[in-house]
Amino acid sequence: MELPDLPSVFSPLALREGGDAMAQAVALASARGAGLLAWVRSAARAEAAVVLEPEMPLAGARLALLAAANALADALVVLGPPEVIIDLRWPAEVLVNGGRVGGLQLAAPPGTTETAVPDWLVIGFEVALAPPPGIEPGDAPDRTCLEEEGFEAPSAAELVAAWARHLMAGLDRWQSGGPRRLVEDCLSRLEDGRAEAGLRRGIDPSSGALVLERDGSRQMVPLA
């Protein structure tokens, strides 16, 4: 199992079944730098993590986590059946047809303050391709996997490559045009509060926090 062709900015590093892509990317971030793409060869799950080198303080650079979530949603839309519904649950969980299939996380060098430009960021995701051994459909009604949601022969390599391509495109749009489209795409996919009357939602581009406003009151939910 190998990754399909990727843009030259990525340097893939394949890990065996049971490997931890996020931990490996964090461990190698300083030495390998931007573009390192650690991923796990597995039939049951897709897992990958990429190293970025932002040029802004950590508070604003956290928006990269939303870019990665949007990229994963875009990849699932392309690879899934036509009727598939992909949602995001704040701050970084991914739902397919209402069930959680996985999520994303972000890591920065320990001790980096919100106002400092981090030497690197690592963003990773994990998605369930098939049910874990011994788990039957319905055992965990709030969770699902791509196989159960109609994805034909879901492949870790295919999903990782699609995520990487969509992530690069999203980061390019953010860099060239600012965060507006990134924020709008994320808000349009949020599951919570989409149908609540009187609720206004936004995302603070300086911190990535979710802003909820109703009846003159405001709540900030951090992008942790």
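Atom set for the values below is all heavy atoms of this structure, side chains included, hydrogens, waters and symmetry mates excluded.
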| task | Could you tell me whether the side chain of Trp39 and the main chain of Ala161 form a donor-acceptor pair under 3.5 Å? | result | no
| note | Residues pairing under salt bridge (charged side-chain N to carboxylate O under 4.0 Å, His left out) where one sits in residues 159-182, two or more places apart or in two chains, turn out to be Arg180-Glu184, Arg181-Asp185
| What salt bridge (charged side-chain N to carboxylate O under 4.0 Å, His left out) pairs are there with at least one residue in residues 18-34, not counting sequence neighbours? | none
| task | Quick one: which residue pairs count as a side chain to side chain donor-acceptor pair (under 3.5 Å) with a foot in residues 72-83, not counting sequence neighbours? | result | Asp74-Arg189
Write down the atom of [X], the atom of [Y], and the distance for their closest heavy-atom approach.
| X | Y | result |
| --- | --- | --- |
| Ala157 | Pro4 | O-CD, 3.5 Å |
| Ile123 | Trp163 | O-CH2, 3.7 Å |
| Leu37 | Ala48 | CD1-CB, 4.3 Å |
| Val40 | Gly18 | CG1-N, 4.2 Å |

Spacing of [atom1] belonging to [X] relative to [atom2] belonging to [Y], to within rounding of 0.5 Å:
| X | Y | atom1 | atom2 | result |
| --- | --- | --- | --- | --- |
| Leu187 | Arg200 | CG | CZ | 12.0 Å |
| Leu210 | Leu223 | CG | CG | 9.5 Å |
| Leu72 | Leu167 | CG | CG | 10.0 Å |
| Glu126 | Leu104 | CD | CG | 10.5 Å |
| Leu88 | Cys186 | CG | SG | 5.5 Å |

| field | Crowding at CG, Asp5 (>12 non-hydrogen neighbours, <6.0 Å) | value | no
| query | Do Leu13 and Leu6 sit in the same hydrophobic cluster, where Ile, Leu, Val, Met, Phe, Trp and Tyr count as joined when their side-chain heavy atoms come under 4.5 Å apart? | reply | no
| task | Give a yes-or-no answer on whether the side chains of Ser217 and Asp215 include a donor-acceptor pair shorter than 3.5 Å. | result | no
